[in-house]
Amino acid sequence: MPTDPSKLHPNVTVIDHPLVQHKLTIMRRRDTSTASFRQLLREIAMLLCYEATRDLEIENVEIDTPIQPMQAPVLSGKKLVFASILRAGEGLLDGMLDLVPAARVAHVGLYRDPKTLSAVEYYFKAPEDMGNRRVIVLDPMLATANSAIAAIDRLKEAGATDMKFVCLLAAPEGVDNLSGNHPDVPIVAAAVDERLNEHGYIVPGLGDAGDRMFGTK
Ligand code: PRP
Ligand code: URA
């Protein structure tokens with residue numbers, strides 16, 4: 001069973017919206033196809049994006065409606081960067097960009113060494129002005145958190161100071177590890193599951209997100 005949200009680390013927000021929970025359950029099912037898995041991840045990403053961007057700044061500007069002038073709110077403040085942790089972050093990125101098409105995108109290529117479970121970087125590319133931007137880091141799975149910590153370390157090296165981490169599923173161990181290493185980075189998740197197994201997989205989880213998205217196993 002997923003962990004009761006009230007018992008979680010204060011850094012975590014669990015999006016317990018019925019649509020998110022329903023779609024997540026279909027994604028968890030062993031027999032869900034690759035095409036459905038990808039489509040559902042894109043749909044959930046839009047709902048997570050809605051919550052993760054709730055605190056964006058707005059300001060009023062003068063516009064003309066067909067009836068009369070008015071003061072109307074528009075986004076202001078720092079521009080957004082979505083930072084996708086490859087490969088599986090790409091599944092969340094599509095839905096996020098559906099909602100915020102003007103956002104810039106950073107890519108952090110990492111894979112998890114299956115023996116040591118440490119993160120190995122193979123690619124990094126980010127916009128130049130990261131210090132002036134609000135960064136939403138994307139990876140469906142927060143297991144040990146080694147990948148998330150390495151990605152956030154790298155983004156901080158590149159100048160980012162204002163970050164959030166958005167995932168689909170987290171393990172309590174990953175939440176503690178990420179919050180301990182980067183207490184300034186709030187976590188948004190659709191669910192926090194029971195634990196990690198001896199191979200570092202989230203239990204009950206949904207398996208390997210990258211393989212399920214791309215049909216590589
Ligand atoms: C998966 C997942 C995360 C990481 C989570 O990626 O997408 O990036 O594992 O595990 P962690 O919290 O223990 O680091 P994986 O290494 O399988 O690479 P892939 O996305 O290329 O399949
Ligand atoms: N990576 C995944 O894709 N799934 C897990 O359960 C753990 C790490």
Side-chain angles (χ1 to χ4, degrees), residues 1-3 8-9 11-12 14 23-30 32-34 36-38 40-42 44-45 48 82-96 105-126 135-156 163-182 185-217:
M1 280 294 290
T3 311
L8 289 170
H9 195 286
N11 253 16
V12 187
V14 171
K23 289 173 194 291
L24 174 58
T25 297
I26 304 172
M27 292 184 75
R28 288 181 188 271
R29 296 177 88 119
R30 176 193 287 275
T32 294
S33 70
T34 299
S36 301
F37 189 91
R38 211 183 291 137
L40 287 159
L41 187 54
R42 186 177 190 134
I44 291 186
L48 296 179
F82 295 131
S84 166
I85 303 181
L86 303 174
R87 290 176 297 172
E90 294 296 278
L92 285 176
L93 177 65
D94 290 338
M96 298 267 164
V105 177
H107 287 99
V108 189
L110 294 173
Y111 70 86
R112 204 170 71 140
D113 182 298
K115 286 210 177 75
T116 63
L117 301 184
S118 57
V120 182
E121 184 180 318
Y122 57 87
Y123 185 75
F124 183 82
K125 188 85 179 173
V135 181
I136 300 188
V137 186
L138 307 173
D139 192 329
M141 309 303 275
L142 182 67
T144 63
N146 291 341
S147 304
I149 292 166
I152 292 168
D153 283 344
R154 195 67 179 76
L155 289 159
K156 284 186 175 175
M163 280 187 271
K164 250 183 207 181
F165 183 83
V166 173
C167 62
L168 188 62
L169 279 187
E173 296 90 331
V175 168
D176 289 344
N177 198 13
L178 179 53
S179 304
N181 279 274
H182 292 292
V185 179
I187 302 167
V188 176
V192 179
D193 273 7
E194 277 170 29
R195 62 185 170 86
L196 293 177
N197 70 13
E198 63 279 20
H199 305 292
Y201 276 84
I202 298 173
V203 178
L206 51 73
D208 187 300
D211 285 338
R212 294 204 61 186
M213 258 182 65
F214 295 113
T216 39
K217 227 175 219 166

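Counting starts at 1 for both ligands and their atoms, following the listed order. As the structure is a prediction and not an experimental result, all values here were calculated from the model.
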Worksheet item: Under 4.0 Å from ligand 1, counting heavy atoms only, is it the side chain of D211, its backbone, both or neither?
Response: neither

Practice prompt. Record the part of A209 in heavy-atom contact with ligand 1 below 4.0 Å; permitted values are side chain, backbone, both and neither.
Written response: neither

Worksheet item: Without hydrogens or angle criteria, can the side chains of R112 and T144 be said to hold a donor-acceptor pair below 3.5 Å?
Response: no

Worksheet item: Does a side-chain heavy-atom distance below 4.5 Å link L86 with Y122?
Response: yes

Worksheet entry | Residue pair N146 / N177, side-chain heavy-atom distance below 4.5 Å | yes

Counting non-hydrogen protein atoms only, what is the nearest one to [atom]? Give residue, atom name and distance.
atom: atom 16 (O) of ligand 1; result: R112 N, 2.8 Å
atom: atom 19 (P) of ligand 1; result: R87 NE, 3.6 Å
atom: atom 11 (P) of ligand 1; result: T144 OG1, 3.3 Å
atom: atom 5 (C) of ligand 1; result: M141 O, 3.5 Å
atom: atom 5 (C) of ligand 2; result: Y201 CD2, 3.3 Å
atom: atom 4 (C) of ligand 1; result: S147 OG, 3.5 Å
atom: atom 17 (O) of ligand 1; result: D208 OD2, 3.7 Å
atom: atom 2 (C) of ligand 1; result: D139 OD1, 3.5 Å

Worksheet item: Between I202 and ligand 2, does any nitrogen or oxygen pair lie at a separation below 3.5 Å?
Response: yes

Worksheet item: Quick check: does G207 get an N/O under 3.5 Å from an N/O on ligand 2?
Response: yes

Worksheet item: Considering distance alone, does some N or O of A145 sit under 3.5 Å from an N or O of ligand 1?
Response: yes

Item to complete: Return yes or no for this condition: an N or O of G200 is under 3.5 Å from an N or O of ligand 1.
Response: no

Worksheet item: So is G200 in contact with ligand 2, going by heavy-atom distances below 4.0 Å?
Response: yes

Worksheet item: Within less than 4.0 angstrom of ligand 2, does R212 place any heavy atom?
Response: no

Discussion item. Could you go through L178 and I152, starting from their C-alpha distance and side-chain angles, then the distance that decides it, and tell me whether this counts as side chain to side chain contact (heavy atoms under 4.5 Å, CB included)?
Written reply: CA-CA 9 Å; L178 179 53; I152 292 168; 3.8 Å; yes

Worksheet item: Taking only heavy atoms of A88, which atoms of ligand 1 are found under 4.0 Å from at least one of them?
Response: 7 (O), 20 (O)

Fill in: atom 21 (O) of ligand 1: any protein heavy atom closer than 4.0 Å
yes

Worksheet item: Do you know which two heavy atoms are closest between C167 and L92, and how far apart they sit?
Response: CA-CD1, 4.4 Å

Discussion item. Need the ligand 2 atom indices (1-based, order shown) with element for anything under 4.0 Å from a heavy-atom of A209.
Written reply: 2 (C), 3 (O)

